[in-house]
Asker: 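Below is one structure. I have some questions about it.
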Amino acid sequence: MHIDEITNWLKETGPARLDRLYARADSTRRQYVGDVVHFRGLIEVSNYCVRSCTYCGVRAENLALKRYRLSRTEILDCAKRAAMLGYGTVVLQGGEDYGIAPAWFANIIRHIKQETNLAVTLSMGERNEWDLAEWREAGADRYLLRYETSDQELYRKIHPTVPGHPTRLALLRKLRQMGYEIGSGVMIGIPGQSYASLANDIALFRELDLDMIGVGPYIPHPATPLGNGSLALTLSPDEQVPATEDMSYKVIALTRLACPDTNIPSTTALATINAANGRELGLQRGANVVMPNLTPVSCRPLYEIYPSKACVTEEPADCSRCLRGRVQSIGRRPADGPGNRRKLDYRPQPQFAF
Ligand code: 5AD
Ligand code: FES
């Protein structure tokens, strides 16, 4: 699908051309998902992780990081807070933590579903099929699992795999069969990512017909092989995608054009590289979701997948107020309800030539 056209857009630097791309993405967003913005409250339930992703600050080898796991009461309190703040969804996210027993977690999911009207999204890594099925059975609605890059060779270098484990793509297909809404995404500008491979990532979003797509700039973490330079994945400067703010907007816009009816967040990583108005610009260039943080403030600094993350000291109510204000300041409004994807019966072919 239009790989060359997507690649050309990713390389485009002319301000007038880029304004046209952003205007097109914004009108496509308005046409297919409207002016409302969905609020998904993020609860970072655990920073324990068994995996060794070479980009991620919570990787198992980062022994300097203090680890935490929220209690049942803490998770349920955060979920109640989400309902009180008027959010439609809670996202339970964590490292791949087998200290989270499937039955214990299923009980928490069941409780949230019984006590609130919240949709429950999980983002708990590459758990086995039985755990994922148990959580679906308990009422979880959606699952997020980014494939990070569609370039298999690069993927192997940044994400050491466990022998015998299914790939993330295979797991995403399983999750869909189980009845979850599925979300995925990639980092923008990870070392070794070429323009052609990023264009393929976007084409794959469409091919997988994802319900949710999260993209954000790669931010180096000094306690990781990719961040401290001990793993160098060097491409020539004309091939390597830069991890910039502008590139992030281009990817959000192109993703909206490729997948008009999908839910796309304006991510925290984007707010981290432009605290002033990164989130607003994301929402004006294709995104329709924000993810306010609900994690207890005492744990926030420990969920450090990358440094200087936005909203590390703010209380949940602060993030709520802040994001409502930001959404309203650009003429949009917070949505009511859980904000499921409203899937088109017929997806028009995307147009990238204009
Ligand atoms: N920079 C930006 N994003 C990161 N993620 C993990 N580490 C980093 C980093 N250093 C993203 C990954 C993961 C999601 C939860 O956070 O895409 O899937
Ligand atoms: Fe957390 Fe703005 S969203 S302070």
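Not measured: the values here are computed from a predicted model. Sequence positions, counted from 1, serve as the residue numbers for this chain. Values reported hereafter were calculated over all heavy atoms of this structure, with side chains retained and with hydrogens, waters and symmetry mates removed. As the structure lists them, so they are numbered: ligands from 1, and atoms in each ligand from 1.
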Asker: Who's the nearest protein heavy-atom neighbour of atom 18 (O) of ligand 1, and how far?
Answerer: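 Heavy-atom neighbour on the protein nearest atom 18 (O) of ligand 1: Glu148 OE2, 2.6 Å.
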Asker: Which is closest to atom 6 (C) of ligand 1 by heavy-atom distance: Tyr55, Tyr303, Tyr218?
Answerer: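 It is Tyr55 whose heavy atom sits nearest to atom 6 (C) of ligand 1.
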Asker: Both conditions, 6.0 Å and 45 degrees, for the charged tip of Arg168 above the ring of Tyr155: are they met here?
Answerer: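 No, a cation-pi geometry is absent between Arg168 and Tyr155.
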Asker: Answer side chain, backbone, both or neither: which part of Pro217 comes under 4.0 Å from ligand 1, heavy atoms only.
Answerer: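 Contact part for Pro217 vs ligand 1: backbone (N, CA, C, O).
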Asker: May I ask you to decide if Thr262's main-chain N or O and Arg256's side chain share a donor-acceptor pair within less than 3.5 Å?
Answerer: yes
Asker: Are His221 and Tyr306 an aromatic pair, judged by ring center distance below 6.0 Å?
Answerer: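 No.
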Asker: So which heavy atom in the protein is nearest atom 14 (C) of ligand 1, and how far is it from that ligand atom?
Answerer: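 Looking only at protein heavy atoms, the one closest to atom 14 (C) of ligand 1 is Arg146 NH1, 4.1 Å.
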Asker: If you count the atoms of ligand 1 from 1 in the order shown, which ones are under 4.0 Å from a heavy atom of Ile305?
Answerer: 7 (N), 10 (N), 16 (O)
Asker: Relative to ligand 1, is Met187 under 4.0 angstrom through side chain, backbone, both or neither, heavy atoms considered?
Answerer: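 Within the 4.0 Å criterion, Met187 contacts ligand 1 through side-chain atoms alone.
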Asker: Give the single entry among Ile219, Thr224, Leu226 that approaches atom 9 (C) of ligand 1 most closely by any heavy atom.
Answerer: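 When every heavy atom of Ile219, Thr224, Leu226 is considered, Ile219 comes closest to atom 9 (C) of ligand 1.
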Asker: Look at Arg51 together with Glu126 and state whether they make a salt bridge at an N to O cut-off of under 4.0 Å.
Answerer: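 Result for this pair is yes, salt bridge flagged.
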Asker: Mind checking side-chain contact (heavy atoms from CB on, under 4.5 Å) for Asn8 and listing every partner two or more places apart, or none if nothing turns up?
Answerer: none
Asker: Tell me which pairs pass ring-ring contact (aromatic ring centres under 6.0 Å, His included) where either residue lies in residues 41-86, with sequence neighbours left out.
Answerer: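 Non-adjacent pairs meeting ring-ring contact (aromatic ring centres under 6.0 Å, His included): zero.
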